[in-house]
Amino acid sequence: MALRILPRSFYSRRTVEVARGLLGKVLVHGERQGRILEVEAYLGQGDEAAHSFRGLTPRTRVIFGPPGHAYVYFVYGMYYCFNVVAEPEGVAGCVLVRSVEGHGDGPGKLTRSLGITVEHYGADLTHGTLTIRESSRQHPFAIEVTPRVGIRRSADLPLRFVLRDR
DNA sequence: ATACGGATACGG
DNA sequence: CGTATCCGTATT
């Protein structure tokens, strides 16, 4: 049974709502997939940790574009991080995926395990080989909210969301 | 606590 | 140009 791909409207909402909504959804790349267990929101306003804070640049343009696309960046010389663009077109906001079930904890580890690279920069997550889908497993869970990991600026904002099984 | 290693943004 | 910084990871 094919899992339903999340529609564009899912992503065209406030970044925090998209972040919370992504927990428990299934990130699919070809044959590899897993439930999203941990995410962080990066806001378009008042968030100095967000790459989009400095405005629209070649690197950040996709964050300002239409929702439901992938923002992938290369960091620390060896890792890719996978983000999902939220908010309506023209408004910045994205969600960093930090943990995917079966692919380990840590944004660099899960992209390596799932085979996500910079070639997925700007990829449309509502079509193609890289998608996010509903889970077949729909049992309830709690969401733990904490500050984000590994940042210096705007470090106190409660924008990390972790799925906690009930 | 630190090495790793490359892209990016920004100042000159 | 140089250089500080960076949404990490593995190892000490």
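In this text the structure is predicted, and so the values were computed from the model without any measurement.
Judged by atom type and distance alone, Tyr73(A) reaches the base of dC7(C) through a side-chain donor-acceptor pair under 3.5 Å.
Considering only heavy atoms from C-beta on, Glu38(A) stays 4.5 Å or farther from Leu163(A) through its side chain.
Nucleotide dG8(C) holds its P atom 10 Å from the CG atom of Asn83(A), rounded to whole Å. In this entry the distance linking CZ of Arg152(A) with C1' of dA4(C) reads 10 Å, nearest Å. The CD atom of Glu38(A) sits 15 Å away from the P atom of dC7(C) (whole-angstrom rounding). A straight line from CZ of Arg148(A) to P of dG8(C) spans 11 Å, rounded to a whole angstrom.
Between the side chains of Thr57(A) and Thr60(A), at least one donor N or O lies within less than 3.5 Å of an accepting N or O.
Residue contacts shown for Arg160(A) are absent, as no nucleic acid heavy atom lies under 4.0 Å away. Within 4.0 Å (heavy atoms only), Ile151(A) reaches sugar-phosphate atoms of the nucleic acid but no base atom.
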* Step by step, work out the side-chain contact (heavy atoms from CB on, under 4.5 Å) result for Cys94(A) and Glu87(A). => CA-CA 8 Å; Cys94(A) 65; Glu87(A) 305 277 354; over 6 Å; no
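Between the CG atom of Asn83(A) and the OG1 atom of Thr15(A) there is a distance of 11.0 Å, given to the nearest 0.5 Å. Expressed to the nearest 0.5 Å, how far NZ of Lys25(A) lies from CZ of Arg133(A) amounts to 14.0 Å.
dC1(C) is paired with dG11(B) under the Watson-Crick or G-U wobble criterion, all donor-acceptor distances under 3.5 Å. With a 3.5 Å ceiling on both atom-pair distances, dC7(C) lacks any Watson-Crick or G-U wobble partner.
Contacts of residues 42-52 of chain A with DNA chain C (heavy atom under 4.0 Å): Tyr42(A), Ala49(A), Ala50(A), His51(A).
Ion pair Arg153(A)/Glu48(A) not flagged as a salt bridge, since none of the NZ, NE, NH1 or NH2 atoms sits closer than 4.0 Å to an Asp/Glu carboxylate oxygen. Using a cutoff of 4.0 Å between basic side-chain nitrogens and carboxylate oxygens, Arg148(A) and Asp156(A) are not scored as salt-bridged.
Proximity of Arg98(A) to the phosphate of dC7(C): no side-chain N or O atom is located under 4.0 Å from OP1 or OP2.
Annotation: Glu144(A), atom CD; neighbour count of heavy atoms from other residues, nucleotides and ligands within 6.0 Å is above 12.
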* To do: Summarise protein proximity over nucleotides 2-12 of chain B in one line of letters, 5' to 3': B for base, S for sugar-phosphate only, - for none, counting protein heavy atoms closer than 4.0 Å.
  => --BBBSSSS--
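Screening residues 8-44 of chain A for ring-ring contact (aromatic ring centres under 6.0 Å, His included), with sequence neighbours left out, gives His29(A)-His120(A).
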